[in-house]
Amino acid sequence: PKIYKSPFPDVPVHNRSVFTHLFSSTDPSRVGEWPASSLAYVDAPTGTTLTRAQVKSFSLQLARSLQTKLQARRGDTVLIYSQNSLSWPIALFGSVAAGLRCTLANSAYNARELAFQYTDSGAKILYTSEEGIPVVLEMFKGLGLSLEEARQRIIVLTTSLHWAGDAYVPIGKDAKGFTILADLLGHGALAHEEKFDGDLANETVYLCYSSGTTGKPKGVETTHRNITAVIGQVRPVFPKSDSGPDRMLGILPFYHIYGAVKLVHFPLLVGTTVYIMPRFDPIQFLANIQKYKITNSLIVPPVLVVLSRLPQVDEYDLSSLDVLFSGAAPLGAALTKQVKKRLESKRKNGKPLYILQGYGLTETSPTTHLLEKPDCIRKIGSTGILLPNLEARLVIDGEGEGNIDAEEGQPGELWIRGPSVMKGYHNNPSATKDSITHDGWFKTGDIAIRDPEGFYSIVDRRKELIKYKGFQVPPAELESVLLTHPEIADTAVIGVDSAKEATELPRAYVVPGRPELLKTEGQKAAFAKGVQKWIESKVARHKFLRGGVVVIDAIPKSAAGKILRRELREAAKKE
Ligand code: AYL
């Protein structure tokens, strides 16, 4: 095979747990490499801060209560269901310090979606924000638990809190009758994280959900080594600002591996402060950049659309901004240029704005490729170079002759090997076997081209996955929901491109159960609208059928009964 190696020298891969790697130090005035009093996270709306020492201390306090009050044991799984907040990293690192694995759920999930992940991951304890309580209670009710039983499993992450002297004071809506995070702090602390005498580095620490190349979401087993490796691999390549320490604006959701690694873990390693926003809001985004003199932010392509159009962009001083880093979906060169020009033209300091790109997957923890500052114009549109310690192949299907490596410069399916590739899919050996070869190559399902200088571009997707604004929308899941509609006989879901919003939009093709009732175009359109509305009561927002519902006579399928998505996609492109 034709194996491409990273042009960067390998970085050391440690045999350590996530908690020890990030928080231990021989110097008591430091947490990891950084001063204990340095700010780790700041709540952007209120300005409340958490130092590195506080994150470590609160985590060890929580870890103790998880063990003594909630009887959590090493290997147990906890689920985090909350938008970003200062409490979020404490919940995560406290659980990790107690030896638990964390499964991270989309905070927009409804009770059905949450129940799937809670059950599939084998979680017991569940963290939720106040807003999430009704959904969580509905879920537990559906699982047959009494209110009392449900309460014993819930920890409420009050969304705002402040630090007053020695006390951690939550402010927030009423969560009476529930254990809140603050109740579990201040009852002593573990002296160090829970010990383990097994192969800790190879133990699963996180379970994010991804549909992979096909089917429904699956738990991705991310190990301690995956995480400590990937943050080390990113470190030498990730852009730094020229003007001193970076201040990062955190808008990506922490429950997605992109946010969890780049906003929660990586900043602790490299000494950055993260200004946390509960969710993306365009005006707050601009206001916070100005207020906190933000130097960089990780985004998804639709954020650039907002920055290219929003009139208020001109009202804020964004001159501190050094880097906007896009990932999770394709980013066009034209949009990149437009935003760069608009933001730079307003600057009096003449500083360039770097709009960079990265690529990765939940299964690769996630980043595998990054574009560096000096290449931002020269290689615009490229997702960058392979990170240290990684190897890549570009493979084409040899039609019966097995897998053949593409010629140099030709497209092929990107395969990745290295220490940041997941252990496998949780409880799903067959999906694991389909996606990781016996010699450790992970098949991404993306089609890429590598130029002679080693820059990769993603040109197509082989897998059925749809991406709405960076969020995964597994068509198989929407199809199974649609098939529960009494008037739908068959269905297929694909993504259609929206250049305007820089995203794909999920679209359903549906075969009506009683076609004789839909004779006129008007009747069909009304039926389609009805289905589009109906799905909104069944799934989280990012899965809404924004690309429309199309009534057709039959779904194109192969002889084996597989949906021919490519045919539908090609037809949609011609519209
Ligand atoms: P998942 N260009 C095109 N497609 C992309 C890109 C990109 N830059 N990044 C991700 N994708 C698609 O698991 C691709 O189809 O992880 C890939 O298989 O939600 C799929 O998204 C994976 O989706 C970074 C930059 C992480 C990006 C990421 C993406 C994590 C998304 C770290 O630095």
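These numbers come from the heavy atoms of this one structure, side chains and all, not from hydrogens, waters or symmetry mates. Both ligands and their constituent atoms are indexed starting at 1 by order of listing.
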Problem set entry | For Pro330, the ligand 1 atoms whose distance to one of its heavy atoms is below 4.0 Å | 2 (N), 3 (C), 4 (N)
Seminar exercise, completed: among protein heavy atoms, the one nearest atom 33 (O) of ligand 1 is Lys262 NZ, 2.7 Å
Exercise. For Glu407, does the CD atom have more than 12 heavy-atom neighbours from other residues, nucleotides or ligands under 6.0 Å away?
Worked result: no
Exercise. Considering only protein heavy atoms, which is closest to atom 8 (N) of ligand 1, and at what distance to one decimal place?
Worked result: Gly358 O, 2.8 Å
Exercise. For ligand 1, which part of Tyr258 has a heavy atom less than 4.0 Å away: the side chain, the backbone, both, or neither?
Worked result: side chain
Exercise. For atom 26 (C) of ligand 1, which of Ser382, Pro366, Gly381 has the closest heavy atom?
Worked result: Pro366
For this session: Could you please spell out the steps behind the salt bridge (Lys or Arg N to Asp or Glu O under 4.0 Å) verdict for Arg546 and Glu536?
Result: CA-CA 10 Å; Arg546 292 180 166 85; Glu536 294 182 8; over 6 Å; no
Exercise. Which residue and non-hydrogen atom of the protein lie closest to atom 32 (C) of ligand 1, and at what distance in Å?
Worked result: Thr367 OG1, 3.0 Å
Exercise. Is Glu570 salt-bridged to Lys574, going by a charged N under 4.0 Å from an acidic O?
Worked result: no
Problem set entry | Geometric N/O contact Ser326 with ligand 1, under 3.5 angstrom | no
For this session: Provide the number and element of each atom of ligand 1 under 4.0 Å from a heavy atom of Gly327.
Result: 25 (C), 27 (C)
Exercise. Salt bridge (Lys or Arg N to Asp or Glu O under 4.0 Å) between Glu504 and Lys469: does it pass, once the steps are laid out?
Worked result: CA-CA 7 Å; Glu504 291 169 87; Lys469 300 196 170 177; over 6 Å; no
Problem set entry | Non-hydrogen side-chain atoms of Ile385 and Glu372 separated by less than 4.5 Å | yes
Exercise. Are His369 and ligand 1 in contact, using a heavy-atom cut-off of under 4.0 Å?
Worked result: no
Exercise. His256 heavy atoms, cut-off 4.0 Å: which ligand 1 atoms fall inside?
Worked result: 1 (P), 16 (O), 19 (O), 30 (C), 31 (C)
Exercise. For ligand 1, which atoms have a heavy atom of Thr362 less than 4.0 angstrom away?
Worked result: 1 (P), 13 (O), 16 (O), 19 (O)
Exercise. Considering only protein heavy atoms, which is closest to atom 23 (O) of ligand 1, and at what distance to one decimal place?
Worked result: Lys467 NZ, 2.7 Å
For this session: Just need the protein heavy atom nearest to atom 7 (C) of ligand 1, so name the residue and atom and give the distance.
Result: Ala329 O, 3.5 Å
For this session: Would you mind listing which atoms of ligand 1 come within a distance below 4.0 Å of any non-hydrogen atom of Gln357?
Result: 2 (N), 7 (C), 8 (N)
Exercise. Between His265 and Phe254, is the ring centre distance below 6.0 Å?
Worked result: no
Seminar exercise, completed: side-chain hydrogen bond (donor to acceptor under 3.5 Å, both in side chains) test vs Thr295 passes for just one of Thr272, Asp322, Asp246, Asp242, namely Asp246
For this session: Evaluate the side-chain proximity of Asn296 to Phe325: yes if any heavy-atom separation is below 4.5 Å, no if none is.
Result: no
For this session: Check if Ala328 has a non-hydrogen atom at a distance under 4.0 Å from any atom of ligand 1.
Result: yes
For this session: Determine whether any heavy atom of Phe325 lies closer than 4.0 Å to an atom of ligand 1.
Result: yes
Problem set entry | Pairs meeting criterion ring-ring contact (aromatic ring centres under 6.0 Å, His included) with involvement of residues 351-371, two or more places apart | Tyr359-His369, His369-Tyr456
Exercise. Are there more than 12 heavy atoms of other residues, nucleotides or ligands under 6.0 Å from atom NZ of Lys351?
Worked result: yes
Exercise. Salt bridge or not for Lys543 and Glu477, using N-O below 4.0 Å?
Worked result: yes
Problem set entry | Winner among Thr383, Asp446, Leu387 once heavy atoms are compared against atom 14 (C) of ligand 1 | Asp446
For this session: Could you list which atoms of ligand 1 come closer than 4.0 Å to a heavy atom of Gln472?
Result: 1 (P), 13 (O), 19 (O), 23 (O)
Exercise. Are Glu413 and Arg462 close enough for a salt bridge, meaning some N to O gap below 4.0 Å?
Worked result: yes
Exercise. Which atoms of ligand 1 sit under 4.0 Å from any heavy atom of Arg461?
Worked result: 15 (O)
